[in-house]
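Notes for the one structure printed next.
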Amino acid sequence: MTGFAPAKPPVFGETPGTLAARLSALGAPAFRAGQILDWIYKRRACSPDAMSNLPGALREWLGEAFDFAPNEPLLQKQSSDVTRKILQRLRDGSLVETVVINAPQEGVGVEHSRQTVCVSTQVGCAYGCRFCASGLAGWKRNLSAGEIVAQLMVAARVAGGVFDNVVVMGMGEPLANYDNLLAALRIVNAPWALGLGARRITVSTSGVVPKILALAEEPLGVRLAVSLHGATNEVRDRIMPVNRRFPLEKLLPACATFASRHGRMLTLEFILIAEINDSLEQARALADIARKLHAHVNLIPCNAVEGLPWQRPSLTRQQHFLRALKARSVSATLRREKGADIDAACGQLRLRTEKLLPNQQHA
Ligand code: SF4
């Protein structure tokens, strides 16, 4: 099963073209599509009842034809360091996680902080990275484009209406749900919808080479982050099964192709795990890769995940690793811990909640 067919499609999957086609089948003028989308994205109407410039019959049809609330915010957890995790329940009862990260900017107040929303693209994940909670219960299904956009609309409501960046780095391998991902990102980018510039959208992948190459050909021009987590095949093989299909000798040329097509700096994500990938040899190998790709390295100390054996390296060891990269002129940051107290490693909140909740559809 690759999808789920709800009784009514989420309205957030519609575009001016698809909506105008449906309206024309009804005999309604095409300009109504623009009015409807304006209500949804600019005026943030939660239901057709609010769309006061539409005829009553059209409002009624909209309510019958589309789901205006496909994702229900079920649970929110706010961490002490301004990370907020929202568990969203989909129409079939599946749970997905969305994270809102509030990063204050230097010299200005919290009200000017940058809000980044991290969205999920699948329920569960088939990729089975050994350090990840999302892969523990396996893959259940892909999210539709409308469900992905709806996650952002829910997050925007929770986050006070605006956000500055979207990272597709939540539950699931985004490039394994390529068509729905692209359809959703085009809506996020479109001026008639959320209007978020492509430079503010980052897609993160564990290294699905053919889809990295496909994304490189997309005119949309989003940013790419690659979850490397090991600077040699030996280490990647231990913790990322995807490396058997797409080892470094395939992955790195694909990254180089992406970077040259879009002229944008890639990010290499690297979860630091004690005794697995935190040696200075790994740091040196990682520096070689980053320099060849002109990539930025984002070091993320691993979170303890219930049921998994991995430990976070000591702060001293994390800093040695960072220094080894910088000594080789690599642009690198060591991520300050965000959200450890809210099960922020991807998939943890969902797993914990699923143990407690019956898997019911929302009303
Ligand atoms: S890290 Fe990403 S690709 Fe790997 S199992 Fe977790 S969600 Fe899937």
Side-chain angles (χ1 to χ4, degrees), residues 2 85-88 90 94-99 101 117-143 147-148 151 166-178 180-181 184 202-212 215 223-231 233 235-248 250-251 254-255 266-273 276-277 297-310 312 335 338-340 343-354:
T2 57
K85 183 169 269 201
I86 311 159
L87 195 65
Q88 302 194 25
L90 310 178
S94 296
L95 302 177
V96 293
E97 297 179 6
T98 312
V99 182
I101 302 156
V117 182
C118 174
V119 291
S120 297
T121 49
Q122 299 183 306
V123 181
C125 185
Y127 279 65
C129 301
R130 305 279 183 247
F131 47 80
C132 173
S134 291
L136 280 178
W139 174 84
K140 189 171 170 193
R141 73 170 173 90
N142 286 334
L143 265 62
E147 287 172 324
I148 296 169
Q151 261 181 91
V166 169
V167 292
V168 189
M169 205 179 271
M171 193 191 305
E173 164 51 64
L175 297 188
N177 185 12
Y178 189 84
N180 290 335
L181 170 74
T202 302
V203 173
S204 173
T205 178
S206 61
V208 185
V209 167
K211 299 298 184 189
I212 292 175
L215 194 63
R223 290 181 181 276
L224 184 69
V226 176
S227 296
L228 202 63
H229 309 323
N233 281 327
V235 170
R236 273 195 118 229
D237 279 346
R238 275 183 80 184
I239 55 176
M240 299 182 76
V242 68
N243 199 61
R244 305 224 175 85
R245 266 166 72 205
F246 305 117
L248 291 174
K250 291 186 177 166
L251 174 59
C255 293
L266 294 180
T267 300
L268 300 175
E269 306 283 349
F270 204 92
I271 289 184
L272 282 173
I273 309 174
I276 298 292
N277 63 1
V297 175
N298 190 19
L299 299 174
I300 309 150
C302 85
N303 277 323
V305 175
E306 207 176 296
L308 297 178
W310 315 115
R312 166 184 303 212
R335 191 189 283 178
K338 279 189 168 45
D343 306 321
C346 63
Q348 284 185 70
L349 180 62
R350 170 203 169 223
L351 278 186
R352 279 179 201 225
T353 309
E354 273 185 345

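Order of appearance sets the numbers: ligands from 1, and atoms from 1 within every ligand.
Taking every non-hydrogen atom of G128 and a distance limit under 4.0 Å, the qualifying atoms of ligand 1 come out as 5 (S).
Residue C125 counts as close to atom 8 (Fe) of ligand 1, with an N, O or S atom under 2.8 Å. Atom 4 (Fe) of ligand 1 has no N, O or S atom of C132 closer than 2.8 Å.
Taking the side chain to side chain donor-acceptor pair (under 3.5 Å) definition, one finds that N243 meets it with N233, R236, D237, sequence neighbours left out. For T98, the side chain to side chain donor-acceptor pair (under 3.5 Å) partners are Q88, Q151, not counting sequence neighbours.
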message: Does N303 form a side-chain contact (heavy atoms from CB on, under 4.5 Å) with R312? I'd like the steps, not just the answer.
response: CA-CA 7 Å; N303 277 323; R312 166 184 303 212; 2.9 Å; yes

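Between W139, Y127, F131, it is Y127 that holds the heavy atom closest to atom 3 (S) of ligand 1. When G207, S120, C129, A133 are checked for heavy-atom proximity to atom 5 (S) of ligand 1, C129 turns out nearest. Taking only non-hydrogen atoms, the option from G172, S206, P241 nearest to atom 2 (Fe) of ligand 1 is G172.
In the model, K211 has no side-chain atom that pairs as donor or acceptor with a side-chain atom of T205 under 3.5 Å.
Inter-residue side-chain proximity for F131 and C302 is flagged as unmet; no heavy-atom pair is nearer than 4.5 Å.
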